[in-house]
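Inspection log for the structure reproduced underneath, given as structure tokens.
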Amino acid sequence: MAKGWIFSALLVVSLVMAPACEAFYLPGSYMHTYRQGEEIGAKVNSLTSIETELPFSYYSLPYCRPKVGIKKSAENLGELLMGDQIDNSPYRFRVNVNESLYLCTTSPLDEDDVKLLKQRSQDLYQVNMILDNLPVRRFTEQNGMTIQWTGYPVGYTPEGTSDVYIINHLKFKVLVHKYEGGKVRVVGTGEGMEVISDTDTDTDTDAKSGYEIVGFEVVPCSVKRDPEAMSKLTMYEKVDSVSCPVELEKSQMIREKEQITFTYEVEFVNSDIRWPSRWDAYLKMEGAKIHWFSIMNSLMVILFLAGIVFVILLRTVRRDLTRYEELDKESQAQMNEELSGWKLVVGDVFREPTSSKLFCVMIGDGVQILGMAIVTIFFATFGFMSPASRGMLLTGMIFLYMLLGILAGYAAVRLWRTVKGTSEGWRSVSWSTACFFPGIVFIVLTVLNFMLWSRNSTGALPISLFFTLLSLWFCISVPLTLLGGFLGTRAEPIEFPVRTNQIPREIPSKNYSWLLIFGAGTLPFGTLFIELFFILSSIWLGRFYYVFGFLLVVLLLLVVVCAEVSVVLTYMHLCAEDWRWWWKAFFASGAVAFYVFLYSINYLVFDLRSLSGPVSATLYIGYAFIVSLAIMLATGTVGFLTSFSFVHYLFSNVKID
């Protein structure tokens with residue numbers, strides 16, 4: 001925190017004292033100023049619904065098409081994976097020109113058109129429009145509260161009737177800010193990062209002065225117009241303005257043989273909002289007190305577990321070791337015969353676990369996933385992955401995961417060498433590490449993708465993207481994992497402080513061992529379940545999630561709780577003379593994933609009650625399974641590495657032959 005304040009202070013001083021100094025603005029997108037009357041084209045994204053979670057193309061419905069034809073915008077890897085399909089649209093605005101315009105009149109609707117429009121309306125599909133990289137917003141009144149939504153509905157069904165009406169008239173409000181220039185100018189930029197420097201030249205002032213778009217709102221309504229009169233007009237001819245909402249008798253019903261006329265009007269309003277603050281309306285942090293409550297709750301759990309660990313390390317363990325060291329050799333020999341608890345398993349505590357190869361592979365993948373999560377959330381906290389850069393977060397996660405393959409290979413192979421005492425078989429371990437988690441994800445996504453293909457959803461990955469992902473996997477991730485494995489063979493294996501007996505010690509029968517482990521997963525889950533609700537809401541209810549600062553704190557608290565839980569459970573098993581602690585240390589903290597999956601199912605049943613259809617539910621469960629598996633690998637790795645360090649320290653202080 002102190003370093004951050006020092007850095008901020010130095011940055012401010014340098015900006016003030018150096019006239020040619022450059023600074024970065026985060027988050028955002030390319031700042032564009034428009035001249036008076038300059039034409040701006042709106043874009044449309046995929047139609048989305050919180051009821052089906054199946055995105056569809058905007059032009060899958062009988063909407064008006066642009067004169068120049070449909071042109072797709074460049075999409076990054078993250079956008080494609082999220083099902084975004086951004087196209088141009090016929091809606092165009094002229095800066096500071098208020099007008100009401102005609103777009104087109106459709107051909108008479110046939111049975112298929114009517115069925116499709118009604119289905120999309122009843123499934124609550126939203127049209128997502130974008131202007132200057134800002135999503136369109138609309139406002140509704142519910143129970144005396146004003147609720148903000150992104151997008152507008154395809155259609156609606158009034159109360160007390162089964163008829164469906166289409167939204168065919170849009171009243172846009174574009175908020176603009178007068179930008180004079182002269183003090184700053186854009187030198188160079190990338191999506192999500194702006195480089196701004198000082199300038200006072202009149203040339204730059206004239207070149208950059210204009211209007212910035214700082215808000216984009218819409219009031220949708222349904223208006224029935226005379227198709228014969230309207231069809232005589234050409235696109236962008238002026239029409240009469242409409243007051244929304246209109247009476248039901250004057251609204252456009254969806255039915256066969258009906259011709260639908262699409263019109264829109266736009267009003268430009270001057271605003272005091274500056275361009276760097278234009279995303280604030282979308283990123284309002286709701287429930288800040290709840291986030292703080294979650295953090296305080298986590299801190300209480302950490303302090304409670306820290307007290308237990310303190311008692312174990314400083315009172316029980318340290319007391320035993322100190323008493324043991326104070327005895328002479330004869331007394332030590334006598335005490336060895338009377339040992340009890342964890343001291344009895346000294347000859348078995350570092351015995352190779354069952355399925356050791358799988359264990360090493362899971363630890364390697366856990367290191368990779370944990371590193372990706374920490375780095376991604378860290379950069380997102382400081383604004384490098386803004387919602388303005390669509391798909392940037394997912395794209396960054398994928399590339400970070402691939403690059404961190406070198407850590408996965410190194411961790412897996414070094415642990416393999418430590419367990420086996422030799423490097424033999426390291427290539428197999430490295431290959432398995434590179435293919436275990438990505439392979440499971442690839443299989444699940446392939447199954448889900450076939451389901452999306454069957455529904456003609458834009459969420460289905462094109463075959464070209466499949467080959468791209470496979471190329472990234474086998475050309476970047478796998479080689480880096482093999483390189484990490486090779487480096488792991490060159491690293492010194494971790495030396496065990498005690499020898500392992502040839503004959504395993506008999507373990508007293510315990511019936512509650514695994515039950516205790518899965519019960520321990522509730523403690524880490526308690527640190528993140530509140531934040532998990534906000535994350536699920538942002539993913540499945542179409543809300544923006546941007547409280548990455550809270551998420552970073554929760555992640556760090558989760559790591560601490562997982563470490564403490566695993567140490568406590570490991571010590572309890574050693575005291576019960578159970579030397580098979582490797583897998584149990586992993587699942588003591590990794591069991592949190594089980595509760596995350598159960599909570600996801602609970603969210604599906606009680607919070608996503610509107611989610612309809614087996615395809616939508618299967619998609620949800622499939623994605624929840626992938627996330628839960630990743631959480632299990634990451635948290636389990638934290639638990640094992642902490643327990644391994646604890647056990648190594650514990651038995652390195654015991655001098656028993």
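In what follows, every heavy atom counts, from backbone to side chain, and hydrogens, waters and symmetry copies are set aside.
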Inset, instruction - Might you work through the ring pair (Phe, Tyr, Trp, His ring centres under 6.0 Å) test for F382 and F378, ending with a clear yes or no? - result: CA-CA 7 Å; F382 291 96; F378 177 82; 5.0 Å; yes

Legend entry - side chain to side chain donor-acceptor pair (under 3.5 Å) evaluation trace for T433 with D365: CA-CA 6 Å; T433 303; D365 280 337; 5.4 Å; no

Legend entry - Derivation and outcome, side chain to side chain donor-acceptor pair (under 3.5 Å), residues S46 and T458: CA-CA 7 Å; S46 300; T458 60; 3.2 Å; yes

Inset, instruction - Please report the C-alpha distance between K43 and S73 in whole Å, then the side-chain angles of each, then the deciding distance to 0.1 Å, and finally whether the side chain to side chain donor-acceptor pair (under 3.5 Å) criterion is met. - result: CA-CA 9 Å; K43 297 180 180 181; S73 298; 3.3 Å; yes

Legend entry - Verdict with reasoning, F548 to F379, per ring pair (Phe, Tyr, Trp, His ring centres under 6.0 Å): CA-CA 9 Å; F548 290 107; F379 279 105; over 10 Å; no

Inset, instruction - For F359 and F640, run ring pair (Phe, Tyr, Trp, His ring centres under 6.0 Å): C-alpha distance rounded to whole Å, both residues' side-chain angles, the deciding distance at 0.1 Å, then the answer. - result: CA-CA 10 Å; F359 187 80; F640 166 73; 4.8 Å; yes

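At distances below 3.5 Å, not a single donor-acceptor pair connects side-chain atoms of E424 with backbone N or O atoms of R417. A donor-acceptor pair under 3.5 Å is formed between the side chain of N88 and the backbone N or O of K71. Not a single donor-acceptor pair under 3.5 Å links the side chain of S428 to the backbone N or O of G425. A donor-acceptor contact shorter than 3.5 Å links the side chain of N45 to the backbone of Q85. Side chain of S566 to main chain of A563: no donor-acceptor pair is present (N/O by atom type, distance under 3.5 Å, no hydrogens or angles). The backbone N or O of G488 sits nowhere less than 3.5 Å from a side-chain atom of W416 that would complete a donor-acceptor pair. With hydrogens and angles disregarded, a donor-acceptor distance shorter than 3.5 Å links the side chain of R278 to the backbone of I213. Put simply, the side chain of R138 gets close to the backbone of G151: a donor and an acceptor are under 3.5 Å apart.
Ionic pairing of E352 and K420 is present here: one or more N-O contacts between side-chain nitrogen and carboxylate oxygen are shorter than 4.0 angstrom. Electrostatic pairing of D123 and K118 does not count as a salt bridge here, judged by no charged N lying under 4.0 Å from a carboxylate O.
Evaluation of the salt bridge (charged side-chain N to carboxylate O under 4.0 Å, His left out) test over residues 457-470, restricted to residues two or more places apart or in two chains, returns none.
When each of L629, V592, I621 is checked for a side chain to side chain contact (heavy atoms under 4.5 Å, CB included) with F597, only I621 meets the rule.
Relative ring orientation between F474 and W431 is described as tilted, the plane-to-plane angle lying within the 30° to 60° band. Note: F533 and Y603 have perpendicular aromatic rings, judged against thresholds of 30 and 60 degrees for the angle between ring planes.
A cation-pi contact, defined as under 6.0 Å to the ring centre and within 45° of the axis, links R120 to F56.
Inter-residue side-chain proximity for Y58 and V127 is flagged as met; some heavy-atom pair is nearer than 4.5 Å.
Looking at residues two or more places apart in sequence or on another chain, you find a disulfide (SG to SG under 2.5 Å) between C104 and C64.
Here the shortest heavy-atom pairing between Q368 and L404 reads CG-O, 3.7 Å.
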